[in-house]
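These notes concern the structure reproduced below.
Values below: all heavy atoms of this structure, side chains included; hydrogens, waters and symmetry mates excluded. Indexing begins at 1, ligand by ligand and atom by atom, following the structure's order.
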Amino acid sequence: MIEFRNVVKRYRGQMAVDGISFSIAEAEVCVLIGPSGCGKTTTLKLINRMLEPSSGEVLLDGHPVASFEPEELRRGIGYVIQSVGLFPHMSVAENVGIVPRLMKWERSRREKRTDELLELIGLDPAQYRRKYPSELSGGEAQRVGVARALAADPPVLLMDEPFGAVDPLNREILQLEFAALQRKLRKTVVFVTHDLDEAIRLGDHVVIMREGRILQHDQPAEVLASPANEFVRQFVGVDRALKRLACFEVGDYMKRAETITREESFGRRNEPNGDGGEHPILWVTNRDQALVGMLEPELNPGSRLVYRPYVALHPDEVGVRPAASLREALSRILGQGLRAAPVISDEGRVLGEVRLSDIEELNQTGIAR
Ligand SMILES: Nc1ncnc2c1ncn2[C@@H]1O[C@H](COP(=O)(O)OP(=O)(O)O)[C@@H](O)[C@H]1O
Ligand SMILES: [Mg+2]
């Protein structure tokens, strides 16, 4: 979909991009990451011809971007930046409708599209359409910026540290919303960040840059498992094994869980432990099969299996959803001091469990060096 062929961008003596070659497939999120000044923004702007390369070429769908008129090119490429760039004197609806207006869509079509987009990004059109940027929170303004970039339904989206100016809590919300939106829209996205957690969370591929060059281009889990060199290793940090867990979904590592009702749990105190092996936690559920508590087996290797007294649990405090990451599961497991975390549905039903032993095993097999 997008291909860089030996692209160089020089400013007088200064090398901003120093001969990069890589490709971005259709419908993937490719995250460019690296320290400030490494050439991320320059790389992005070479795609929509806000900058022209000193040498080499950038191709879009097999055609050099230089063969398109910049205006025509940019209609197919949405652009979102950190400071949002909403026009302060225009309402939310007018901001979102800028490109459709330039494309001379008639008013009713424009308005319909604007409302559709506001809904898509989770802002109630009736409430937000007439507001002005000064009346929005940072997170809301950023959502409007995304809606504006999506207005003409471009196949490609360039995002330059779009959530960089938002506080950590709201940034995480925006990231999750963006991930959900992308699952629906399947745009080809080039996303710039300097936040490694964001790169891991959102990227199908990660391109690590330094001084205008690409050091590694890989799936996030691969970058974390086998950093290409010492710089990448330092960059991804000493806790890369933990970070890597963010690349895997609970649903893919879930095992069958033992559940019993509260009534059944009264009779399950002490039983012969025939095989002497480890026994699972018994998750106790109510009539609606929602998690209400647990019986935890004692880990003594004796001949009797002993359950500790019943402990009441709140699903949202101990459980994880299938779409959560193994990193979240691990933090639940460690936070509760249990060997496993229950996987629960939105209604609190027990779907399975994720075990500490499986997470440990995954980390041992994955990390190469
Ligand atoms: N207009 C410019 N004139 C001169 N040097 C520039 C210009 N724009 C960027 N640079 C330099 O090019 C390098 C890469 O910049 P940039 O792509 O903005 O980095 P990043 O987005 O990774 O922080 C930096 O060293 C920067 O100082
Ligand atoms: Mg930049």
Side-chain angles (χ1 to χ4, degrees), residues 2-24 28-60 65-66 70 73-74 77-86 138 141-142 145-146 148-149 156-168 171 174-175 178 187-218 220 223 227-237:
I2 299 170
E3 187 183 351
F4 280 75
R5 284 192 190 156
N6 216 355
V7 174
V8 172
K9 177 65 186 176
R10 218 180 285 113
Y11 294 106
R12 286 170 225 104
Q14 170 90 15
M15 265 305 186
V17 166
D18 191 4
I20 57 171
S21 299
F22 73 109
S23 301
I24 301 160
E28 86 159 292
V29 178
C30 177
V31 179
L32 308 180
I33 188 168
S36 176
C38 71
K40 304 180 294 291
T41 296
T42 304
T43 302
L44 213 59
K45 288 181 171 173
L46 288 165
I47 298 172
N48 67 359
R49 292 191 69 188
M50 285 165 77
L51 292 173
E52 302 292 344
S54 308
S55 66
E57 63 179 358
V58 181
L59 299 122
L60 180 68
V65 291
L73 183 73
R74 283 172 211 159
I77 304 179
Y79 189 52
V80 187
I81 54 174
Q82 181 182 116
S83 49
V84 195
L86 295 180
Q142 207 59 58
V146 172
R148 185 172 69 181
V156 176
L157 215 49
L158 309 180
M159 305 179 82
D160 196 348
E161 308 204 20
F163 311 141
V166 183
D167 64 276
R171 188 184 316 157
L174 284 167
Q175 288 165 358
F178 173 74
K187 302 289 180 190
T188 302
V189 183
V190 192
F191 192 110
V192 166
T193 185
H194 57 256
D195 175 349
L196 185 67
D197 290 319
E198 184 165 83
I200 294 166
R201 180 169 282 152
L202 300 179
D204 297 306
H205 283 98
V206 177
V207 171
I208 299 186
M209 296 183 69
R210 183 195 190 189
E211 293 172 357
R213 298 200 179 157
I214 294 177
L215 300 183
Q216 189 164 6
H217 177 196
D218 237 322
V223 173
N229 59 28
E230 196 47 38
F231 177 83
V232 179
R233 184 198 295 269
Q234 298 265 325
F235 186 76
V236 299

inquiry  = Are K9 and V7 packed together at the side-chain level, in the sense that at least one heavy-atom pair is separated by less than 4.5 angstrom?
reply    = no
Passing option when D18 is tested against R10, R213, R210 for salt bridge (Lys or Arg N to Asp or Glu O under 4.0 Å) = R213
query = About how many Å separate CZ of R74 and CG of L158, when rounded to the nearest 0.5 Å?
reply = 10.5 Å
remark   = Closest to atom 5 (N) of ligand 1 among protein heavy atoms sits Y11 CD1, 3.3 Å
query = Are any of the side-chain nitrogens in R201 or E198 under 4.0 Å away from the carboxylate oxygens of its partner?
reply = no
request  = Heavy-atom contacts with Q14 under 4.0 Å: which atoms of ligand 1 show up? List them by number with element.
outcome  = 24 (C), 25 (O)
task = Could you grab the distance from atom OG1 of T193 to atom CZ of R171, nearest 0.5 Å is fine?
result = 7.5 Å
request  = Starting from atom 12 (O) of ligand 1, locate the nearest protein heavy atom and write down its residue, its atom name and how far away it is, to 0.1 Å.
outcome  = A16 CB, 3.2 Å
query = Is any side-chain heavy atom of L51 closer than 4.5 Å to a side-chain heavy atom of Y11?
reply = yes
key: T43-ligand 1 polar pair, N/O distance under 3.5 Å   = no
task = Could you tell me whether K40 approaches ligand 1 through its side chain, its backbone, both or neither, with non-hydrogen atoms closer than 4.0 Å?
result = both
query = In terms of residue, atom name and distance, what is the protein heavy atom nearest to atom 14 (C) of ligand 1?
reply = G37 O, 3.4 Å
query = Does V146 reach the side chain of M159, with side-chain heavy atoms less than 4.5 Å apart?
reply = yes
inquiry  = I want to check something: taking the side chain as every heavy atom from C-beta on, are V17 and F4 in contact at a cut-off of under 4.5 Å?
reply    = no
key: Protein contact to atom 18 (O) of ligand 1 [nearest heavy atom, distance to 0.1 Å]   = T41 CB, 3.7 Å
task = Determine yes or no for a side-chain-to-main-chain donor-acceptor pair under 3.5 angstrom, with T188 supplying the side chain and V156 the backbone.
result = no
inquiry  = Quick check: closest heavy atoms across D204 and E28, and the distance to 0.1 Å?
reply    = OD2-CA, 3.3 Å
query = How many N, O or S atoms of the protein are nearer than 2.8 Å to the Mg ion (ligand 2)?
reply = 1
Nearest-neighbour protein heavy atom for atom 16 (P) of ligand 1, which is reported as residue plus atom name and distance = T42 OG1, 3.6 Å
